[in-house]
Number of protein chains: 2
Amino acid sequence: MREFKRQSRVLLIDDNADHLRGVKELITLESSYDVVGATTSANMGINLAKKYRPDIILMDINMPEKDGLQAIQEIGKLDLDVRVIALSAYDDADLIFRAMKIGAKGYVLKTMASAQLIYAMDEVAAGKIYLPTALTSRFFEYFQNSFKEEAKTSAEENLLSDLTAREEEVLDLLTQGNNYKGIAGKLFISETTVKTHVNNIFQKLQVNDRTQAVLYALNNGFAQRRKIVA
Amino acid sequence: MREFKRQSRVLLIDDNADHLRGVKELITLESSYDVVGATTSANMGINLAKKYRPDIILMDINMPEKDGLQAIQEIGKLDLDVRVIALSAYDDADLIFRAMKIGAKGYVLKTMASAQLIYAMDEVAAGKIYLPTALTSRFFEYFQNSFKEEAKTSAEENLLSDLTAREEEVLDLLTQGNNYKGIAGKLFISETTVKTHVNNIFQKLQVNDRTQAVLYALNNGFAQRRKIVA
DNA sequence: TTATTTATCAATCCAAAGATGTAGGACAAA
DNA sequence: TTTGTCCTACATCTTTGGATTGATAAATAA
């Protein structure tokens with residue numbers, strides 16, 4: 001199968017020269033891959049990525065000089081249509097999570113068998129995202145952990161459900177940073193009416209001011225949130 | 001291996017009676033599992049879960065009567081030490097994401113081979129989280145998609161980096177809903193000093209009031225966020 | 001029908017927040 | 001030493017926000 005496909009161009013970035021050489025030799029043995037560059041410097045790696053436009057980058061993320069995760073992020077911003085596989089010595093859940101979060105298409109441990117790396121590259125070259133089973137499990141533990149409390153509270157009796165439709169509209173505008181005047185203008189009602197609604201919202205949510213109301217809303221599933229944990 | 005371990009108690013919830021029967025027969029053939037209950041009703045399933053305390057629940061999440069995801073969430077709130085595997089006819093990324101988010105330990109398609117289901121149960125019974133490779137890939141596509149914009153902006157010129165250490169402390173307290181007095185008390189400085197800091201923060205973040213500052217902070221990776229997309 | 005809820009608006013009052021200018025002391029870099 | 005930044009603090013003033021009370025009209029539930 002793989003033999004008939006066009007070769008994938010690979011760039012290697014790993015501050016450990018020995019490991020870099022080893023991986024290079026390994027991949028060179030694979031007919032479906034062509035190593036177009038190899039460097040021990042993250043910054044140099046970014047430059048090589050711009051220059052050679054590889055299909056795949058194998059990026060060591062445990063580098064002292066420059067953080068590999070940061071390098072992945074920077075490469076991501078370049079819109080190079082390159083797929084990055086993170087290489088790491090550690091199966092730390094937080095590392096895995098962060099790597100996947102910033103768009104790594106795979107995460108492979110350096111201690112894994114070389115066949116596993118090649119398999120990951122095959123999958124990623126085919127447009128998939130690949131994580132070894134054991135790491136997937138780690139990832140999900142971390143992932144679910146970050147939602148643990150939310151899962152318990154969100155379906156619960158949540159004061160937000162006491163709000164009327166109009167109050168929800170007002171709260172929504174509050175969560176967008178509007179003041180009374182802004183809300184009044186957007187809802188075509190008077191400022192005093194808005195004040196009335198906002199005061200009712202405070203009562204119902206049991207908060208003292210708009211900032212607390214906004215925080216309550218955001219922390220309890222109100223409004224569209226698109227971000228996650230650091 | 002499995003034969004020597006204590007049997008895992010399984011509860012089946014699936015509104016499709018035929019499929020329910022099929023799965024039950026399948027699992028009954030496995031010596032390591034004991035089906036302690038089977039029902040076509042999500043609500044009944046929750047009651048059975050409370051009553052029999054199964055080790056594993058296979059939950060169909062595509063039920064008309066009651067949403068299976070909601071049922072998983074409710075079971076999660078009971079703290080029953082039960083592991084739920086979601087069964088679904090669809091490999092929709094959003095469904096998978098939501099199921100995993102609320103704590104499902106696995107997600108298996110009804111169309112998958114029975115061996116796959118048993119394998120998933122084995123893994124989950126062993127304390128792991130199991131997602132078939134194909135679904136893992138879907139999950140990650142969805143996952144990374146929800147971070148796409150953030151990945152591009154967060155490393156970018158972010159006004160938060162202009163803040164001094166003290167200002168960050170103040171902003172952090174703002175994002176917790178504190179007013180001037182509260183912040184002054186917590187930092188052991190005068191209220192007027194807090195005002196100075198806050199005003200400087202407004203300048204640097206280019207916002208007009210505390211609510212906008214808090215929203216900016218939350219939307220730009222500042223502070224501990226534990227929530228994600230709806 | 002009668003109550004209740006909801007949405008609207010207003011007046012008033014006080015507290016809090018925000019804008020602006022000034023300034024001293026600590027500390028680090030040039 | 002000088003310069004600059006940061007943290008601290010205060011005074012003053014204006015604006016906004018929040019609490020409270022009261023009122024009208026429409027829709028809705030009992």
Side-chain angles (χ1 to χ4, degrees), chain A residues 65 156-224 230, chain B residues 156-224:
Chain A
E65 177 214 347
E156 216 155 303
E157 306 307 320
N158 163 331
L159 298 176
L160 288 171
S161 56
D162 294 339
L163 301 182
T164 68
R166 198 55 159 174
E167 285 162 357
E168 285 190 4
E169 284 185 86
V170 172
L171 180 54
D172 187 50
L173 290 170
L174 275 182
T175 64
Q176 289 169 34
N178 291 285
N179 58 14
Y180 286 135
K181 202 189 300 272
I183 296 174
K186 273 155 193 155
L187 296 182
F188 304 106
I189 56 180
S190 88
E191 213 171 315
T192 61
T193 302
V194 178
K195 283 195 176 194
T196 305
H197 286 313
V198 170
N199 269 289
N200 290 333
I201 291 171
F202 291 166
Q203 300 296 320
K204 291 184 178 178
L205 301 188
Q206 296 166 26
V207 298
N208 304 311
D209 56 53
R210 64 180 57 223
T211 306
Q212 291 180 1
V214 166
L215 288 169
Y216 185 94
L218 262 35
N219 288 325
N220 289 86
F222 188 85
Q224 49 301 332
Chain B
E156 217 154 300
E157 308 308 320
N158 169 329
L159 299 177
L160 288 171
S161 57
D162 294 340
L163 300 182
T164 67
R166 198 55 159 172
E167 285 162 357
E168 285 190 3
E169 284 185 85
V170 172
L171 180 54
D172 186 51
L173 290 170
L174 276 182
T175 64
Q176 290 169 33
N178 291 285
N179 58 17
Y180 287 136
K181 201 188 303 270
I183 296 173
K186 274 156 194 156
L187 295 183
F188 304 106
I189 57 180
S190 87
E191 213 171 314
T192 60
T193 302
V194 178
K195 284 194 176 196
T196 305
H197 287 312
V198 170
N199 270 290
N200 290 334
I201 291 171
F202 292 164
Q203 300 297 320
K204 291 184 178 177
L205 301 188
Q206 297 166 25
V207 297
N208 304 310
D209 56 52
R210 65 180 54 219
T211 306
Q212 291 179 2
V214 166
L215 288 169
Y216 185 94
L218 262 35
N219 287 325
N220 290 86
F222 186 82
Q224 49 301 333

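Lettering follows sequence order; numbering is per chain, from 1. Predicted model, so just to flag it, every value in this text is computed and none were measured.
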Minimum-distance nucleotide (side-chain atoms of [X] versus [options]):
| X | options | value |
| --- | --- | --- |
| A:F202 | D:dG18, D:dG17, D:dT8 | D:dG18 |
| A:R210 | D:dA9, D:dG18, D:dC7 | D:dG18 |
| A:N199 | D:dG17, D:dT20, D:dA9 | D:dT20 |

Side chain proximity check, B:L171 to B:V198, heavy atoms < 4.5 angstrom =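 The answer is no, as the side chains (C-beta and beyond) never meet within the 4.5 Å cut-off.
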message = When you measure from the side-chain N and O atoms of B:T193 to the phosphate of D:dA9, is any distance below 4.0 Å, counting only OP1 and OP2?
response = yes
query = Taking OP1 and OP2 of D:dC10, is either one under 4.0 Å from a side-chain nitrogen or oxygen of B:S190?
reply = yes
Separation of [N] [atom2] from [X] [atom1] (nearest whole Å):
| X | N | atom1 | atom2 | result |
| --- | --- | --- | --- | --- |
| A:Q206 | D:dA19 | CD | C1' | 17 Å |
| B:H197 | D:dT5 | NE2 | P | 16 Å |
| B:L187 | D:dA9 | CG | C1' | 15 Å |
| B:I189 | D:dC6 | CD1 | P | 16 Å |
| B:E169 | D:dC6 | CD | P | 14 Å |
| B:I183 | D:dC7 | CD1 | P | 14 Å |
| B:Y180 | D:dT16 | OH | C1' | 11 Å |
| B:K195 | D:dT14 | NZ | C1' | 11 Å |

ask   = Is it the case that B:R210 places NZ or CZ above or below the six-membered ring of B:F202, under 6.0 angstrom from the centre and within 45 degrees of the axis?
value =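 No; the conditions do not both hold, so B:R210 does not lie above the ring face of B:F202.
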ask   = How far apart are the C-alpha atoms of A:V194 and A:H197, what are their side-chain angles, what is the distance that settles it, and do they pass the side-chain contact (heavy atoms from CB on, under 4.5 Å) test?
value = CA-CA 5 Å; A:V194 178; A:H197 286 313; 5.5 Å; no
key: Full working for side-chain contact (heavy atoms from CB on, under 4.5 Å) between A:L215 and B:L218   = CA-CA 10 Å; A:L215 288 169; B:L218 262 35; 3.8 Å; yes
task = Could you give me the CA-CA distance, side-chain angles and deciding distance for A:I201 and A:V170, then say whether side-chain contact (heavy atoms from CB on, under 4.5 Å) is met?
result = CA-CA 9 Å; A:I201 291 171; A:V170 172; 3.9 Å; yes
request  = Mind grabbing the angle between the end helix axes of the helix from C:dT1-D:dA30 to C:dA30-D:dT1? Five pairs an end, 10° rounding.
outcome  = 50°
ask   = Under 4.0 angstrom, heavy atoms only, what part of the nucleic acid is A:T192 near: base, sugar-phosphate, or nothing?
value = base
message = Mind checking if B:K181 touches a base, just sugar-phosphate, or nothing, with heavy atoms under 4.0 Å?
response = nothing
message = Reading DNA chain C in the 5' to 3' direction, which nucleotide is the first one with an atom under 4.0 Å from a heavy atom of chain A, and which is the last?
response = C:dT6 to C:dA10
message = Working to the nearest 0.5 angstrom, can you tell me the gap between A:Q212 CD and B:T211 OG1?
response = 10.5 Å
message = Under a 3.5 Å threshold, yes or no: a donor from one side chain and an acceptor from the other, between A:Q176 and A:D172?
response = yes
message = Main chain of B:R166, side chain of B:E169: is a donor-acceptor contact present, judged purely on distance under 3.5 Å?
response =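 Judged by distance alone, no pair lies under 3.5 Å.
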key: B:K204 side-chain N/O to B:D162 backbone N/O, donor-acceptor pair under 3.5 Å   =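 Present.
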Identify each donor-acceptor pair in which a side-chain atom of residues 182-191 of chain B lies under 3.5 Å from a protein atom, sequence neighbours left out, and give them as a table.
residue	atom	partner	partner atom	Å
B:K186	NZ	B:N178	OD1	2.6
B:S190	OG	B:T192	N	3.3
B:S190	OG	B:T192	OG1	2.8
B:S190	OG	B:T193	N	3.2
B:S190	OG	B:T193	OG1	3.1

